[in-house]
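Okay, so here's the structure we're looking at.
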Protein chains: 2
Amino acid sequence: MLSKASKYAISAVIYLTNNSTIDKKLGSKEIAEAIEIPAPFLAKTLQQLTKKGIISSIKGPHGGFYLSEKNTDKTLFDIIDCVDDIEKFNSCYLSQNNCNENNPCVAHHIYAPFKDKLIRKLKTKTIIEMAEEFKQNSNLNNQIFAVLT
Amino acid sequence: MLSKASKYAISAVIYLTNNSTIDKKLGSKEIAEAIEIPAPFLAKTLQQLTKKGIISSIKGPHGGFYLSEKNTDKTLFDIIDCVDDIEKFNSCYLSQNNCNENNPCVAHHIYAPFKDKLIRKLKTKTIIEMAEEFKQNSNLNNQIFAVLT
DNA sequence: TCATAAAAAGATATTTTTATCTTTATATAT
DNA sequence: ATATATAAAGATAAAAATATCTTTTTATGA
């Protein structure tokens, strides 16, 4: 339901959180290889995230992407909204035009509460938290989460 | 979340249900105009639906699309599965690869029950029922449901 | 039998999304 | 200062989804 760009973004931000520091910035290629997604495409997405202040970057030698204090409180919601436009969640699940409480589509009454819970969750789930959960679930190999496709 | 093709299909089938009989078959152009969607594209979609027996068609003069007895028990699920592939509902909402009960994505525990309810609903919601609801909600004009976009 | 109207099938075109490539700007180290 | 590594920006390409156009098949009515 999310675009690939959004999924790449989530994956990359988690990787950054777990693998970069201000003294060890990561290049877009490096990240892309680690999480196995197309490097030039990710580069674009990282630019978007940087513009909106979700991650940080510095150009030049030893430059790259990293997380600073400004970025710590960002949520899953912020990433998705930055890349995809969160409105897609608010629109009718079956894309019926006039869908609302009085004129609900077939899915409306079951989608609405799900959507509300989801958005609440996305807004409270911080990147830090997510990254931590991923660490704990690093079941397979050390390339923890080539899991987002 | 559904493809446009699927939405067009739902819309067209409802229109057929409410406006065609075996003695008054409707051409794809006629349907497309009524529900305001691209005619040639709809034609393709109607072909798919016909192949799978969700609607019926006859070629030649006074031919067109209509519903026969064979079609009456079809559900919303059947339409979507025909055009889109219903598997998209079963995959992880955030497209995380190994998402499951033991390794759930952020949305998993809220998506799973929603999905189950939705699919159950889609499977029990017959076309006839939907069409009837639309009739009742024909709030605006007689072009009842150019509502699905 | 023939002309016609319509679906079916196939081919092509456009748009959107995803992916790649090239150039420019900038920070760092020498 | 200069060379270099890197992000940023811009341009282009490929793939997928959506839309259109053309030809073929088939049922109907004259």
Side-chain angles (χ1 to χ4, degrees), chain A residues 1-12 16 20 22-33 35-68 71 80 82-85 88 95 148-149, chain B residues 1-12 16 20 22-33 35-68 71 80 82-85 88 95 148-149:
Chain A
M1 313 294 185
L2 297 178
S3 69
K4 285 195 183 182
S6 245
K7 291 164 204 162
Y8 293 168
I10 295 169
S11 190
L16 260 188
S20 78
I22 188 147
D23 297 319
K24 188 184 152 211
K25 306 185 185 73
L26 302 178
S28 57
K29 268 183 229 155
E30 195 174 349
I31 302 170
E33 267 170 38
I35 65 181
E36 297 185 307
I37 63 176
F41 191 70
L42 176 64
K44 286 293 179 195
T45 305
L46 293 176
Q47 280 176 28
Q48 287 182 272
L49 293 169
T50 305
K51 260 190 192 163
K52 289 268 183 77
I54 293 165
I55 60 177
S56 302
S57 75
I58 289 209
K59 292 181 184 179
H62 300 110
F65 297 93
Y66 65 102
L67 295 176
S68 72
N71 313 126
I80 295 171
C82 172
V83 178
D84 251 16
D85 181 9
K88 72 196 292 181
S95 297
L148 292 170
T149 55
Chain B
M1 313 294 185
L2 297 178
S3 68
K4 284 193 183 182
S6 243
K7 291 164 204 163
Y8 294 167
I10 296 169
S11 189
L16 259 188
S20 78
I22 188 146
D23 297 320
K24 188 186 154 210
K25 306 184 185 71
L26 302 178
S28 58
K29 269 182 229 155
E30 195 176 349
I31 302 170
E33 268 170 37
I35 65 182
E36 297 184 306
I37 63 176
F41 190 70
L42 176 63
K44 286 292 178 196
T45 305
L46 292 175
Q47 281 175 29
Q48 286 182 272
L49 293 169
T50 305
K51 261 190 192 163
K52 289 267 183 77
I54 293 165
I55 61 177
S56 301
S57 74
I58 290 211
K59 293 181 183 179
H62 300 109
F65 298 93
Y66 65 103
L67 295 176
S68 73
N71 311 127
I80 295 170
C82 173
V83 178
D84 252 17
D85 182 10
K88 73 197 290 180
S95 298
L148 293 171
T149 55

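Sequence lines set the chain letters: A, B, ... in the order given, protein chains first and strands last, and positions in each chain run from 1. No hydrogens, no waters, no symmetry mates; every other heavy atom, side chains included, goes into these values.
- Contact of the B:Tyr66 side chain with the B:Ile58 side chain is registered, since non-hydrogen atoms from C-beta on lie closer than 4.5 Å.
- Residue B:Lys25 places no side-chain N or O under 4.0 Å from the OP1 or OP2 atom of C:dA5.
- The residue among B:Lys29 and B:Lys44 whose nearest nucleotide of DNA chain C is located toward the 5' end is B:Lys29.
- The phosphate of C:dA8 has OP1 or OP2 within less than 4.0 Å of a side-chain N or O from B:Ser57.
- Listed for the B:Asp84 side chain is a donor-acceptor partner under 3.5 Å among the backbone atoms of B:Ser3.
- Taking atom CD1 on B:Ile35 and atom P on D:dA19, their separation rounds to 12 Å, with Å as the unit.
- Across all strands, B:Pro38 comes closer than 4.0 Å only to sugar-phosphate atoms, never to a base (heavy-atom distances).
- When distances run from any side-chain atom of A:Pro61 to the nucleotides C:dG10, D:dA5, D:dA19, the shortest one goes to D:dA5.
- When the P atom of C:dA7 is taken as reference, atom NZ of B:Lys52 falls 20 Å away, rounded to whole Å.
- If you check every strand for non-hydrogen atoms under 4.0 Å, B:Ile55 touches nothing.
- Residue B:Thr50 places its side chain closer to C:dA8 than to any other of C:dA8, C:dA19, D:dA8.
- A:Asn71 places none of its side-chain heavy atoms less than 4.5 Å from the side chain of A:Ile54.
- Here the P atom of nucleotide D:dA5 and the CG atom of A:Leu26 are 18 Å apart, to the nearest Å.
- In this entry the distance linking CZ of A:Phe41 with C1' of C:dA19 reads 7 Å, nearest Å.
- The phosphate of D:dT6 (OP1 or OP2) has no side-chain N or O of A:Ser28 nearer than 4.0 angstrom.
- Using a 4.5 Å heavy-atom threshold, the side chains of A:Ser28 and A:Ile31 count as separate.
- When the C1' atom of C:dA8 is taken as reference, atom NZ of B:Lys51 falls 8 Å away, rounded to whole Å.
- If you measure from atom NZ of A:Lys7 to atom C1' of C:dT17, you get 12 Å, rounded to the nearest angstrom.
- The minimum heavy-atom distance linking A:Lys52 with A:Cys82 is given by the pair CG-SG, 3.6 Å.
- For the pair A:Phe65 CZ and D:dA7 P, the computed distance is 5 Å after rounding to whole Å.
- Residue B:Leu2 contributes atom CG, which lies 15 Å from atom C1' of D:dT18 at whole-angstrom precision.
- Along DNA chain C, the nucleotide nearest to A:His62 and the one nearest to A:Ala5 differ in position, and the one closer to the 5' end is contacted by A:Ala5.
- The shortest distance between the side-chain N/O atoms of A:Tyr8 and the OP1/OP2 oxygens of C:dT18 is not below 4.0 Å.
- Contacts of A:Gly63 with the nucleic acid, taken as non-hydrogen atoms under 4.0 Å apart, involve only primed sugar atoms and P, OP1 or OP2.
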